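Reminder, nothing fancy here: chain letters follow the sequence lines and each chain counts from 1. Bear in mind the structure is a predicted one, so any value in this text is a computation, not a measurement.
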Protein chains: 2
Amino acid sequence: MHTPFHPEYNPLIRKLESIFTLTDDERQALLGLPMQVVALKENQDIVREGDRPNRSCLILSGFACAYKLTAAGRRQIVSFTVPGDIPDLQSLHLKVLDTGVSSISPCSVGFIQHYDLHDLCGSWPRIAAALWRETLIDAAIFREWVMNVGRREGYVRLAHILCELLVRLRAMGLAEDHVCELPITQGEFADALGMTTVHVNRMMQQLRVAGLIQTKGNRLTVPDWEKLKEAGEFDPTYLHLENPDEVAA
Amino acid sequence: MHTPFHPEYNPLIRKLESIFTLTDDERQALLGLPMQVVALKENQDIVREGDRPNRSCLILSGFACAYKLTAAGRRQIVSFTVPGDIPDLQSLHLKVLDTGVSSISPCSVGFIQHYDLHDLCGSWPRIAAALWRETLIDAAIFREWVMNVGRREGYVRLAHILCELLVRLRAMGLAEDHVCELPITQGEFADALGMTTVHVNRMMQQLRVAGLIQTKGNRLTVPDWEKLKEAGEFDPTYLHLENPDEVAA
DNA sequence: CGAAAATTTGAAGAATATCAACGACGGTGG
DNA sequence: CCACCGTCGTTGATATTCTTCAAATTTTCG
């Protein structure tokens, strides 16, 4: 049940370190956080909409998403996760989940009990503030997605989300310059962008023809970052990075 | 500069009271919160995207919205406020604003300095948790909007947002049974729903013909709440109300 | 009353969805 | 190692939603 995760590999600590320098005590508290680590295959539900969980899930590796379903069963992905994210951290204060979370690629996930998180926040105010901050950044990303889906056309919309994913991966040290592994299918992009698979496919071809992206298997290469940013009207401000220039330049 | 607001009229206290019972000390702390009260006409910017404010704005009365602009200058409204909301509460932890906030109708707004909010949160953990919770509910609403804009068609989309607004107003005691004052133009709905004014107009006519809504001036009447909910695929879970049955039944 | 803002209407066009099929690719079992 | 199978990506033809543009009408408000 209690499987401490090896320090070097805990992406939550890495993420917090990118915001401020942890004291030794704070780091110890985080390392001592009990966590049940589980390995998942792709397309497995981690939690479901309507659940009332007493724990939250930290994505340690791999890709996952939060999603909702319409009455007719159509899926809207409302966020992609990057390692270090806790896609249901809100359940710490909101009892019922209003989204499901499921793996997209094979994933490693760490479940943390809410009472352990409450203890952590009570004892370490800076960590509490940092976690609050993380949920606020999630909200900022949702706002940008509303804008993306509401007011940008398919071509721009797709370029934008590719920019976002690349920058977020780079911020966690998970992408080289302008190349990354992106095990997200066109159908999943469609569900995230409010489009159909067919249309995502066509817009992706346009991006390729325009020389803005290259794809090979799951590998995304961005030959001209400036042009892709321009095509996607991408301004990383909303990600509230500490070091935007290193990561989004 | 320091204009304490009369207790009965502070909708923030009302909102927190709907979550849990404030102790006398907590209520005193909230009443003592220094606040600069400002009256605004409609369509006035309260804060702008890119600002780095040292205060947040509590909407005391009237309607406002948070919005973003595309490169081409098209507006996407990402949230409507209801009195008691603090649409830029996130600026407490995120330095740069990623949205603007502007009034829609004449508004009364209370500006609260960040250091006062930090003091309040430091001294009163339950209030801090409640404010965190409020930002989490905002995020839940953004998620629902991503879904609304991404996966529902115009007719459903409009019905959904009308349901949301009515329920949120009722939760604050600002709407009778199924009637409310809604000083939101069709153009503003269009900007919130990612549609054009023309299309909003046509969908609104359809809702009227179907007998789901009636409008007269700013007054919205919902003759058949169950049918409107059904048309909008509206499930209030995402609003995380304490008393959903009173308010959204 | 008069001007500005908001709503409404019509016609034409663009973006995107839908449907159906085919090809490519990776993994699995014989 | 190859044949099979399921998933994913791709393509074409057609249908629908929604936009655009321009103008008329109604409402609001000083």
What integer distance in Å separates [X]:[atom1] from [N]:[atom2]?
{"X": "A:R152", "N": "C:dA15", "atom1": "CZ", "atom2": "P", "value": "17 Å"}
{"X": "B:Q206", "N": "C:dT8", "atom1": "CD", "atom2": "P", "value": "13 Å"}
{"X": "A:Q205", "N": "D:dT10", "atom1": "CD", "atom2": "C1'", "value": "6 Å"}
{"X": "A:D191", "N": "D:dT7", "atom1": "CG", "atom2": "P", "value": "16 Å"}
{"X": "A:M203", "N": "C:dT16", "atom1": "CE", "atom2": "P", "value": "7 Å"}
{"X": "B:Y155", "N": "D:dT16", "atom1": "OH", "atom2": "C1'", "value": "18 Å"}
{"X": "A:L158", "N": "D:dG9", "atom1": "CG", "atom2": "C1'", "value": "14 Å"}
{"X": "B:N43", "N": "C:dA4", "atom1": "CG", "atom2": "P", "value": "16 Å"}

| message | Angle between the end axes of the helix from C:dC1-D:dG30 to C:dC22-D:dG9, five pairs per end, to the nearest 10 degrees? | response | 50°
| What heavy-atom pair brings A:T221 and A:P223 nearest, and what distance separates the two atoms? | O-CD, 3.4 Å
| query | Under 4.0 Å: is that the gap between some side-chain N or O of A:Q186 and OP1 or OP2 of D:dT7? | reply | no
| request: Give a yes/no answer on whether the side chain of B:N201 brings an N or O atom under 4.0 Å of OP1 or OP2 in C:dT8. | output: yes
| said: If we ignore hydrogens and angles and just use 3.5 Å, is the side chain of B:S103 paired with the main-chain N or O of B:P106 as donor and acceptor? | reply: no
Are [X] and [Y] ion-paired here, with the side-chain N under 4.0 Å from a carboxylate O?
{"X": "A:D51", "Y": "A:R48", "result": "no"}
{"X": "A:R170", "Y": "A:E176", "result": "no"}
{"X": "B:D88", "Y": "B:R55", "result": "no"}

| message | Enumerate the salt bridge (Lys or Arg N to Asp or Glu O under 4.0 Å) contacts for residues 156-167 of chain A, please, sequence neighbours excluded, ordered by first and then second residue. | response | A:E164-A:R168
| field | Summary of salt bridge (Lys or Arg N to Asp or Glu O under 4.0 Å) pairs that have at least one residue in residues 187-216 of chain A, sequence neighbours excluded | value | A:R75-A:D191, A:D191-B:R151
Close N/O contacts between protein and nucleotides 24-30 of chain D (under 3.5 Å):
none

| said: Whether the B:H240 and A:D98 side chains hold a donor-acceptor pair (N or O, under 3.5 Å, no angle test) is what I'd like checked. | reply: yes
| task | Compute whether any side-chain donor of one residue and acceptor of the other, for B:N201 and B:Q205, lie under 3.5 angstrom apart. | result | yes
| note | Winner on side-chain proximity to B:R208, out of C:dT7, C:dT8, C:dT16, is C:dT8
| request: Kindly write out the residues that satisfy salt bridge (charged side-chain N to carboxylate O under 4.0 Å, His left out) with A:E230, not counting sequence neighbours, or none if the list is empty. | output: none
| field | Distance flag, aromatic centroids of A:Y238 and A:H160, threshold under 6.0 Å | value | yes
Are there any protein N/O atoms within less than 3.5 Å of an N/O atom in nucleotides 19-23 of chain D, and if so, which ones and at what distance?
from	atom 1	to	atom 2	distance (Å)
D:dT19	OP1	B:T196	N	3.4
D:dT19	OP2	B:T196	N	3.1
D:dT19	OP2	B:T196	OG1	3.0

